[in-house]
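Heads up, the thing below is written out as structure tokens.
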Amino acid sequence: DGGITQSPKYLFRKEGQNVTLSCEQNLNHDAMYWYRQDPGQGLRLIYYSQIVNDFQKGDIAEGYSVSREKKESFPLTVTSAQKNPTAFYLCASRRQAHQPQHFGDGTRLSIL
Amino acid sequence: GESVGLHLPTLSVQEGDNSIINCAYSNSASDYFIWYKQESGKGPQFIIDIRSNMDKRQGQRVTVLLNKTVKHLSLQIAATQPGDSAVYFCAENIRGGYQKVTFGTGTKLQVIP
């Protein structure tokens with residue numbers, strides 16, 4: 001079955017530590033996205049990528065970094081510069097504009 | 001700044017009644033709109049979409065209406081069922097070279113049996 005896989009489901013970060021969230025898709029989609037969701041709130045765009053080796057900052061990119069070396073993969077690193085990283089992180093992909101995004105089941109990041 | 005927003009944070013409806021969830025947007029460059037349903041602890045699921053050259057689109061038990069004059073989007077769910085209980089988000093695709101998609105705050109739909 002085609003889909004998006006996010007791992008791990010739960011992640012804990014220590015102070016001053018960088019952590020990387022994995023997102024893999026086998027849908028052959030060009031565009032991929034990372035969103036952050038805080039309790040009782042909507043999704044805020046962190047980064048998005050339209051094509052391999054290219055990505056754009058979203059609305060809340062500070063403290064985060066991404067790479068897009070392969071079409072299937074779009075990992076998100078939460079750096080120590082992100083002072084409030086506790087949230088639910090969602091990855092999405094889509095084939096092209098004017099088509100809906102497909103979402104993974106998220107990674108919940110907490111601070112130790 | 002321009003954003004997508006929702007009028008009602010929580011909506012309670014009786015099972016079998018129709019539900020209407022509203023969304024206001026302010027970005028005139030948006031050309032494609034999507035409604036998603038999110039259940040607790042899961043990623044959003046696609047419900048229905050509409051392009052800016054349309055006013056209405058129907059799916060199975062769902063209808064999306066787009067009023068570009070007042071920049072308003074609505075999702076109508078017919079004969080609401082307990083399984084419809086979830087948070088509903090509207091999202092907008094901003095026209096341009098990159099595929100930026102932004103989301104509204106969300107409306108929680110509670111179906112009363």
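These numbers come from the heavy atoms of this one structure, side chains and all, not from hydrogens, waters or symmetry mates. Letters A, B, ... mirror the listed sequences (proteins, then strands); counts begin at 1.
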Note: vs chain B, highest number of non-hydrogen pairs under 4.5 angstrom among A:Gln6, A:Lys9, A:Gln37 is A:Gln37
Heavy-atom pairs under 4.5 Å with chain B - which of A:Gln96, A:Gln41, A:His98 has more of them than the others?
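Maximum pair count with chain B is reached by A:His98.
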Can you tell me which portion of [X] sits under 4.5 Å from chain A's heavy atoms? Options are side chain, backbone, both or neither.
| X | value |
| --- | --- |
| B:Val101 | both |
| B:Tyr36 | side chain |
| B:Gln38 | side chain |

Please say whether the positively charged group of A:Arg68, taken as NZ for Lys or CZ for Arg, lies over the ring of A:Phe55, i.e. under 6.0 angstrom from the six-membered ring centre and within 45 degrees of the axis.
no
At a heavy-atom separation under 4.5 Å, does A:Leu90 approach chain B through its side chain, its backbone, both, or neither?
side chain
Are B:Tyr25 and B:Phe33 near enough that their ring centres are under 6.0 Å apart?
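Yes, the ring of B:Tyr25 comes within the 6.0 Å limit of the ring of B:Phe33, centre to centre.
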Is A:Asp59 paired with A:Arg36 through a side-chain N to carboxylate O contact shorter than 4.0 Å?
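Answer for the salt bridge query: no.
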Any carboxylate oxygen within less than 4.0 angstrom of a Lys/Arg side-chain nitrogen, looking at A:Asp30 and A:Arg94?
no
Verify same cluster id: B:Ile47, B:Leu65 (apolar side-chain graph, 4.5 Å)
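No; B:Leu65 is not reachable from B:Ile47 via cluster members.
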